[in-house]
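For clarity, every value in this text was computed on a predicted model and none was experimentally measured.
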Amino acid sequence: MSIIIKPLVSEKMTSITEKQNKFGFIVRPNANKIEIKKEIEARYNVTVTDVNTCIYAGKNKSRYTKAGLIQGRTNAFKKAIVTLKEGDSIDFYSNI
C-alpha cells in the first residue's frame with residue numbers, strides 16, 4: 001500500500017514551490033518522515049533534503065437548508081511538506 005495519497009496542488013502550494021522548492025503531499029496518518037522520504041525519492045527520482053509533517057483534525061460543519069439543519073464532518077488528514085535538493089523538481093502535470 002502506498003504512503004502517498006495525493007499531491008497538494010493549490011495556489012498557496014504553487015507559490016511555495018516556486019519560491020522555496022517545497023512540495024506538498026497528503027499522506028497516510030501512520031506514515032513517519034523516513035518512510036515519506038523513501039517513497040518520494042523512489043517514486044519521483046529526486047533527492048529529498050527535509051520533510052515536515054502536520055496533522056489536521058476533522059472539523060464539524062453545519063449548514064441550514066430548506067430541509068432543515070444538515071450536519072457533517074470534514075476528513076482528518078496528514079500533510080507532508082517536502083524540501084528537495086537544489087536543481088531537483090517534480091512535474092505533476094507530465095502525464096496528463
Side-chain angles (χ1 to χ4, degrees):
M1 185 163 26
S2 179
I3 293 172
I4 299 171
I5 296 173
K6 65 180 181 178
L8 279 175
V9 181
S10 63
E11 287 184 35
K12 186 173 183 179
M13 275 311 307
T14 303
S15 68
I16 291 172
T17 298
E18 291 171 355
K19 294 176 186 173
Q20 302 173 3
N21 203 24
K22 294 184 179 184
F23 293 86
F25 297 92
I26 301 291
V27 296
R28 301 236 178 254
N30 57 358
N32 61 28
K33 293 181 180 185
I34 298 167
E35 294 172 339
I36 295 168
K37 179 179 178 178
K38 287 180 184 177
E39 176 85 17
I40 291 175
E41 286 179 345
R43 183 179 287 189
Y44 295 107
N45 204 11
V46 293
T47 304
V48 175
T49 58
D50 192 25
V51 178
N52 296 44
T53 59
C54 47
I55 298 173
Y56 289 87
K59 295 179 177 60
N60 293 323
K61 300 280 185 172
S62 61
R63 64 180 181 199
Y64 295 98
T65 63
K66 282 184 176 180
L69 181 67
I70 296 176
Q71 294 182 335
R73 186 166 178 84
T74 60
N75 293 333
F77 61 95
K78 185 173 190 176
K79 180 167 76 170
I81 306 295
V82 178
T83 306
L84 301 182
K85 187 180 80 169
E86 286 295 324
D88 283 350
S89 182
I90 298 174
D91 186 16
F92 295 126
Y93 303 108
S94 63
N95 58 358
I96 293 178

Side chain proximity check, [X] to [Y], heavy atoms < 4.5 angstrom:
X     : Y     : result
Val48 : Leu84 : yes
Lys78 : Ile5  : no
Phe23 : Tyr44 : no

Next item on the list: Measure up the Phe77 and Tyr56 rings against each other and bin them: parallel (under 30°), tilted (30 to 60°), perpendicular (over 60°).
Entry: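 It falls in the parallel class, under 30°.
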Separation of [Y] [atom2] from [X] [atom1] (nearest 0.5 Å):
X     : Y     : atom1 : atom2 : answer
Ser15 : Lys22 : OG    : NZ    : 11.5 Å
Lys59 : Arg73 : NZ    : CZ    : 9.0 Å
Asn30 : Glu35 : CG    : CD    : 7.5 Å
Asn52 : Thr83 : CG    : OG1   : 6.0 Å

Notebook entry, point to check: Any link between Phe92 and Ile26 through a network of hydrophobic side chains (Ile, Leu, Val, Met, Phe, Trp, Tyr) touching at under 4.5 Å?
Noted result: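 No.
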Checklist line | Val27 with Ile81, same ILVMFWY side-chain cluster at under 4.5 Å | finding: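 In one cluster with Val27: Ile81, no.
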State whether the number of non-hydrogen atoms from other residues, nucleotides or ligands found under 6.0 Å of [X] atom [atom1] is greater than 12.
X     : atom1 : result
Arg63 : CZ    : no
Ile34 : CD1   : no
Asn60 : CG    : yes

For [X] and [Y], work out which heavy atoms get closest and say how close.
X     : Y     : result
Gly58 : Ala76 : N-CB, 3.5 Å
Lys37 : Val51 : CB-CG2, 4.1 Å
Asn21 : Lys85 : ND2-O, 3.2 Å
Ile4  : Glu39 : CD1-CG, 3.5 Å
Gly24 : Met13 : N-CE, 3.2 Å

Next item on the list: Before giving the answer on side-chain contact (heavy atoms from CB on, under 4.5 Å), spell out for Ile90 and Phe25 the whole-Å C-alpha distance, their side-chain angles and the decisive distance to 0.1 Å.
Entry: CA-CA 12 Å; Ile90 298 174; Phe25 297 92; 4.0 Å; yes
Next item on the list: Check the pair Ile36, Thr53 against side-chain contact (heavy atoms from CB on, under 4.5 Å), reporting the backbone distance first and the verdict last.
Entry: CA-CA 10 Å; Ile36 295 168; Thr53 59; 3.9 Å; yes
